[in-house]
Amino acid sequence: MSDRGKAAKAAKAEPALAGKAKRNSVPLKLRVPEPPSRPGQAADFSHIKLPAAGTTRRPDVSSKPEDMSELAYGLVRVLDDKGEAVGPWAPKIDPEILRRGLRIMMMTRAYDDRMYKAQRQGKTSFYMKSTGEEAVPTAAGLALDDTDMLFPAYRQQALLFVRNWPMLDMMNQIYSNAHDRLKGRQLPVMYSSKEAGFFTISGNLATQFSQAVGWAMASAIMGDTRLCATWIGDGSTAEGDFHHACTFAAVYKAPVILNIVNNQWAISSFQGIAGGTEAPFAARGVGYGLPALRVDGNDFLAVYAATQWAIERARANMGATLIEHFTYRMEGHSTSDDPTRYRAADERQKWPGGDPIERLKQHLIRLGEWDDKRHVAQFEELEKLVKDTQRQAEAIGTLQAGQKPSPKTMFEDIYCGEPDWRLRKQRQQFGI
Amino acid sequence: MSSMNMIQAINSAHVTLMEKDPKVVVFGEDVGYFGGVFRATEGLQQKFGVTRCFDAPIAEAGIVASAIGMGVYGLRPLIEVQFADYIYPAMDQLTSEAARIRYRSGGEFTAPITVRTPYGGGIFGGQTHSQSPEALFAHVVGLKVVIPSTPYDAKGLLIAAVEDDDPVIFLEPKRLYTGPFEGHSTDGVKTWAGHPAGEVPDGHYVVPLGKANVVREGSAMTVLCYGTMVHVCLAAARETGIDCEVVDLRSITPLDAETIIASVNKTGRCLIVHEATLTAGFGAELAAIVQQECFYNLEAPIDRVTGWDTPYPHVFEWEYFPGPARVGAAMKKMMEA
Ligand SMILES: Cc1ncc(C[n+]2csc(CCOP(=O)(O)OP(=O)(O)O)c2C)c(N)n1
Ligand SMILES: [Mg+2]
């Protein structure tokens, strides 16, 4: 027997570590994070520290990530309690853009409410609202150029409104009707619009995040001028794709903006399950050598300013920025969810971060650029717009009634070109 | 005995296993406090504590990998992947790791994990909540693949899977969770109440892996199926009046070839039905075995009824689903051959 063989045999007979086992005599314990409150308890947000607006420094866009790492642990806030824009991050925005942002957020909310109800009425199978998070896609979308590319998750429907994409087209997708450009193939809300620079949404979480980095790398390879922006939920940052995105973005200084939408919940699991309780999501950027910003996601101006910072940096070939948008999922995860089963009933009332629509409205009024009367009128106008559009969509069809896409489209777009023998045979069996 | 639907039977299997063996730990996305999006793990955290049943980060590769590590330690992790459509991030850990740890370590290390995951269509889940990926796992040597079709089998097979020393992929036909489903899209919701297999023992019992169940004896043809399709095939047999022998495979690895071969040798005809896509589906493997073993007794070509070779389309759920009309037509055609 070789020496190695003998040693191995000895090790089997007597575990090599047996003599050292006494060193750790305290039983080890597993920590499983728990949210601060559950159903039946009063909501508790005491762990959330919202720094006063205007108190966070704005580093130069050419800063080294290591010289601005404290921003990953802080919170950029611009709007104060009175609706004043304060501090170094306060962006200079044309009131016209602010009004547009307000309108898009209100439109998104009205649209969400009606589509949610349509699902409840059995007109479609599924819906997901973005209530309370509308500022995140709206402000970022308005800060970007319309030619920049978007790789969204499923809660950034407002981006399509930013790009003036027709609401009717979106509703046709929700209803999987004959005019759905996706031919009824996708679950409702999984939009796609190449024309709007809006990448086809995947049901598989996080996949878009690393793909977006590839798109941005391509843009850089080709000497293009277009940036790419992508969004991911807090829960989804646990997937490998989030980490691949950060690695590739850091290695190649890809011109991409990596947005984490931290709405504090991933279906029933609170943010502590996605990333522990010791560090915010933005702090992950620090380890990758990415500049990381943590911003108040319900503060339209803060989201706009942070996005602008990242855009400037990317356009100057200084690479990617990771932005955590701290917000709150006001509603259930989807029409299949009942949040009263896992979170305190009064969370939404107690959430200290406010409502992005109310906060921007207050700011516009303070600027003298808006008033309550116009607000009410706009609300009513949008309700009517959504209702009228819904009527048009339903005249075409819903999941249950009316015109559907042609069944033969089921066999199309699987491969490029003519389908092979087996698909032709199956089509025949199907009867087309 | 209690009357249970499939979710309750699976929940009961968890309770039975966790009470019997402190090494059984349960985790996955939303399975802890909430009890899972399909409620399969409801009450377990409250009953057994947060270190026996807990929420996992949304990272299927991480869930499977950590389960493997726990298995190597000596635990028996019973984990949930929320939908079979979301198991792919864990493919490397399942195919390169879990499946081969015993082999590559000369039997020194094992990963006795059980991965439960809801599969199949019929709930308008679109292409990412409807898939049937069993063939991918059946192709991986070292993995066992189990698919129940009733509450009784679900509990007994799940207990067998967890007590088995190999990694098991346990695919749950989500359309059958709350009731048997014969495949008519217009059928109202049926419950398991009153179904003989909805009567489930409260305590420990095992339905062994690798033992098929002849759910309907017959002489005209053998129908091989599993999961949701068992009920579809029974309905098709009833509707066509053809005297089919319907064999519910229950596990495709290990496979009960003896029962299959004996049945086909008796009937001389073989129809294979699965919801998964046709090409390189498990039906191809079954057809190969049957033609090899039963060739001289066959009176008609073996046929397959399956999902089309397309992704599962949202709006065309029922055009895609191989329901009793398609299965029945294939049965009739086979009898004419
Ligand atoms: C790979 C994968 N795993 C699991 C799921 C099931 N799932 C859908 S949404 C979701 C929660 C996501 O939470 P988060 O990323 O925080 O986004 P939010 O819904 O809060 O916007 C889960 C687990 C999925 N779609 N894809
Ligand atoms: Mg979330």
Side-chain angles (χ1 to χ4, degrees), chain A residues 29-35 38 124-126 175-177 180 182-188 190 202-207 233 235-242 266-270 272-276 333 336-337 341-342 399 404-405 407 409-414 419 422-423 426-427 429-430, chain B residues 25 27 29-39 42 45 49-63 82-83 85-90 92 108 123-130 277-279 305-320 326 329-330:
Chain A
K29 282 194 189 125
L30 187 75
R31 185 281 291 256
V32 178
E34 272 296 315
R38 285 293 195 188
T124 190
S125 58
F126 180 78
Y175 289 143
S176 285
N177 68 23
D180 171 16
L182 313 184
K183 303 166 194 178
R185 292 174 185 158
Q186 276 280 53
L187 204 63
M190 304 288 170
S202 176
N204 299 63
L205 295 171
T207 49
S236 307
T237 62
E239 291 282 6
D241 274 316
F242 170 82
I267 309 184
S268 76
S269 58
F270 84 119
I273 293 294
H333 171 74
S336 315
D337 184 38
R341 298 186 87 134
Y342 53 78
L399 184 62
K404 289 185 182 200
T409 61
M410 185 162 81
F411 293 92
E412 295 168 0
D413 302 324
I414 301 165
R422 64 190 162 128
L423 270 176
Q426 288 179 36
R427 259 189 344 204
Q429 285 175 350
F430 180 64
Chain B
V25 292
F27 61 104
E29 295 157 20
D30 302 291
V31 312
Y33 183 88
F34 185 49
V37 296
F38 290 104
R39 326 297 310 147
E42 188 167 21
Q45 184 174 80
V50 291
T51 57
R52 296 280 309 283
C53 175
F54 49 90
D55 286 335
I58 303 171
E60 293 75 15
I63 291 169
Q82 202 163 83
F83 286 88
D85 316 62
Y86 301 139
I87 205 166
Y88 308 120
D92 191 36
E108 259 188 356
I123 62 156
F124 274 107
Q127 56 180 311
T128 56
H129 302 87
S130 309
T277 46
L278 177 83
T279 300
V305 180
T306 71
W308 306 115
D309 277 344
T310 79
Y312 218 117
H314 177 247
V315 73
F316 297 125
E317 172 123 80
W318 299 117
E319 285 77 0
Y320 181 93
R326 275 177 65 201

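A note on names: the letters A, B, ... follow the listed sequences, proteins ahead of strands, and every chain is numbered from 1.
- Considering only heavy-atom pairs separated by less than 4.5 Å from chain A, the leading option among B/Gly35, B/Gly126, B/Ala59, B/Gly32 is B/Ala59.
- The part of A/Ile414 that comes within reach of chain B is its side chain, from C-beta onward, which places non-hydrogen atoms under 4.5 angstrom from that chain.
- Rounding to the nearest 0.5 Å gives a distance of 13.5 Å between OG1 of B/Thr51 and CZ of A/Arg31.
- Comparing A/Gln429, A/Lys183, A/Met190, A/Arg422 by how many heavy-atom pairs each has under 4.5 Å with chain B, the most go to A/Arg422.
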#### Entry: From CA spacing to verdict: salt bridge (charged side-chain N to carboxylate O under 4.0 Å, His left out), A/Arg341, B/Glu42
CA-CA 11 Å; A/Arg341 298 186 87 134; B/Glu42 188 167 21; 3.4 Å; yes
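- Heavy atoms closer than 4.5 Å to chain B are found in the side chain of A/Thr409, but not in its backbone.
- Taking CG of A/Asp337 as the start and CZ of B/Phe34 as the end, the distance is 5.5 Å to the nearest 0.5 Å.
- In the model, A/Ser268 has a side-chain atom that pairs as donor or acceptor with a side-chain atom of B/Asp30 under 3.5 Å.
- Residue A/Pro405 touches chain B through both its backbone and its side chain, counting heavy-atom pairs closer than 4.5 Å.
- Summarising the geometry, atom CD belonging to B/Glu60 is positioned 4.0 Å from atom CD belonging to A/Glu239; distances are rounded to the nearest 0.5 Å.
- Residues A/Ser125 and B/His314 are in side-chain contact: their nearest non-hydrogen atoms beyond the backbone lie under 4.5 Å apart.
- Here the closest heavy-atom approach between residue B/Gln127 and residue A/Arg185 is recorded as NE2-O, 4.1 Å.
- With a 4.5 angstrom heavy-atom cutoff, A/Phe430 touches chain B via backbone and side-chain atoms both.
- Contacts between A/Lys29 and chain B at a heavy-atom distance below 4.5 Å are absent for every atom of the residue.
- Of all heavy-atom pairs spanning A/Met410 and B/Trp308, the tightest one is CE-CD1, 3.4 Å.
- Of the listed residues (A/Gln186, A/Arg427, A/His333), the greatest number of heavy-atom pairs within a distance under 4.5 Å of chain B belongs to A/Gln186.
- Using a 4.5 Å cut-off on side-chain heavy atoms (C-beta onward), A/Phe126 and B/Phe124 make no contact.
- Closest non-hydrogen pair, A/Glu34 versus B/Val50, comes out as OE2-CG1, 4.0 Å.
- For chain B, the option among A/Leu30, A/Asn204, A/Leu182 with the highest count of heavy-atom pairs below 4.5 Å is A/Asn204.
- Heavy atoms closer than 4.5 Å to chain A are found in the side chain of B/Leu278, but not in its backbone.
- For the atom pair A/Ser336 OG and B/Phe38 CZ, the distance stands at 8.5 Å (nearest 0.5 Å).
- When heavy atoms are compared at a cutoff of 4.5 Å, B/Ala329 does not approach chain A at all.
- With hydrogens and angles disregarded, no donor-acceptor distance shorter than 3.5 Å links the side chain of B/Asp85 to the backbone of A/Gly203.
- Of the atoms belonging to B/Tyr312, it is backbone heavy atoms, and not side-chain ones, that fall under 4.5 Å from chain A.
- Both the backbone and the side chain of A/Ile267 come within less than 4.5 Å of a heavy atom of chain B.
- Atom CD in B/Glu317 sits 11.0 Å away from atom OG in A/Ser176 (nearest 0.5 Å).
- For chain B, no part of A/Glu412 is nearby; none of its heavy atoms comes within less than 4.5 Å.
- Panel note: side chain B/Glu319, backbone A/Pro407; no donor-acceptor pair is recorded below 3.5 Å.
- Taking CD1 of A/Ile273 as the reference point, atom CG of B/Asp55 lies at 5.0 Å (rounded to 0.5 Å).
- Contact count versus chain B (heavy atoms, under 4.5 Å) is highest, among A/Phe411, A/Tyr175, A/Phe242, for A/Phe411.
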